[in-house]
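Numbering of ligands and ligand atoms starts at 1, following listing order.
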Amino acid sequence: MELRTWAERILSADTLKEKLLEPGKLTDHEPGSPLFWEEPTRPKGMEFQKHRRKDKLPNKSELADPDKRAICLHRFAGHELLAVEIMAYALLAFPEAPKHFRKGVAGTLREEQEHVRLYIEQLKRLGMQFGDEPLYRHFWSYTPYLKTPEQYLSVMSLSFEMANLDYAPTFGGAFEQCGDLDASRLMQRILEDEIAHVSFGWNWLKKFKSDEMSQWEAWLSNLPDRFPPSRAMGYPFLEENRKKAGVSNDWLIDFKEAVGLKE
Ligand SMILES: [Fe+2]
Ligand SMILES: [Fe+2]
């Protein structure tokens, strides 16, 4: 299947099965002209909903309750589905990007589809179905600021996916403490994949940026206005996972200064 066809099918899919479509062998002979997809179609009952104050993620202290764990896992599954859609967006938006970059985005997209499947399995175990809880626009609301591959990498790989280098292990630890080893193993798997996704973003931003710019300047200059650098982290901030992704010490020093983290 052509990358473009696959991406279009994902973004216009009205079933979860089609969102998670396994494309078989992918080709990229006709990437077409740039297309900035406005809004993904969603399966019935999985449309974007307005985020309300009461939709807060359960507190870590509440996670002994399996229903609360299911709410967390549902939220994370929602993020994975958004990642699938944003990567499909990128395949359509950047047809002129190097083939090797596009292939990498497609590979990451496949892993995000797998993450959705893995979360769905855990939800089932806990008696919940994907779509039972509200789903939000969240990452998708930033697509107007993703007009170049550099912006895509800075926002998606090096902010949202980077933040998961903190969230995934923190929730993994909390699930483990409640004795939910299946959920904690899944978070460990997600963490390992996210490290690779951040690494992909890091390496390609480095290739795309101009030589006069540092990687820090390139990252910062490609973020939307009023997008605080702290979006690229969770609590606690786990520096070692960024190092595993190849993030440089220089970048980390600038980042910690920007978000007010003390050495
Ligand atoms: Fe993911
Ligand atoms: Fe990812």
Legend entry - Exercise: do His115 and Asp193 side chains pair donor with acceptor under 3.5 Å: yes
Inset, instruction - Among Ile71, Asp67, Leu73, find the residue that satisfies the side-chain contact (heavy atoms from CB on, under 4.5 Å) test when tested with Leu126. - result: Leu73
Inset, instruction - Check Tyr136, Trp140, Phe160 against Leu82 for a side-chain contact (heavy atoms from CB on, under 4.5 Å) and give me the one that passes. - result: Trp140
Legend entry - Side-chain H-bond candidate by donor/acceptor type, Glu112 with His197, under 3.5 Å: yes
Inset, instruction - Could you please give the number of protein N/O/S atoms within less than 2.8 Å of the Fe ion (ligand 1)? - result: 4
Validation: residues 225-236 side-chain donor-acceptor distances under 3.5 Å, sequence neighbours left out:
from	atom 1	to	atom 2	distance (Å)
Arg231	NH1	Tyr142	OH	2.8

Legend entry - Among Thr41, Thr5, Leu109, the one residue meeting side-chain contact (heavy atoms from CB on, under 4.5 Å) with Ile10: Leu109
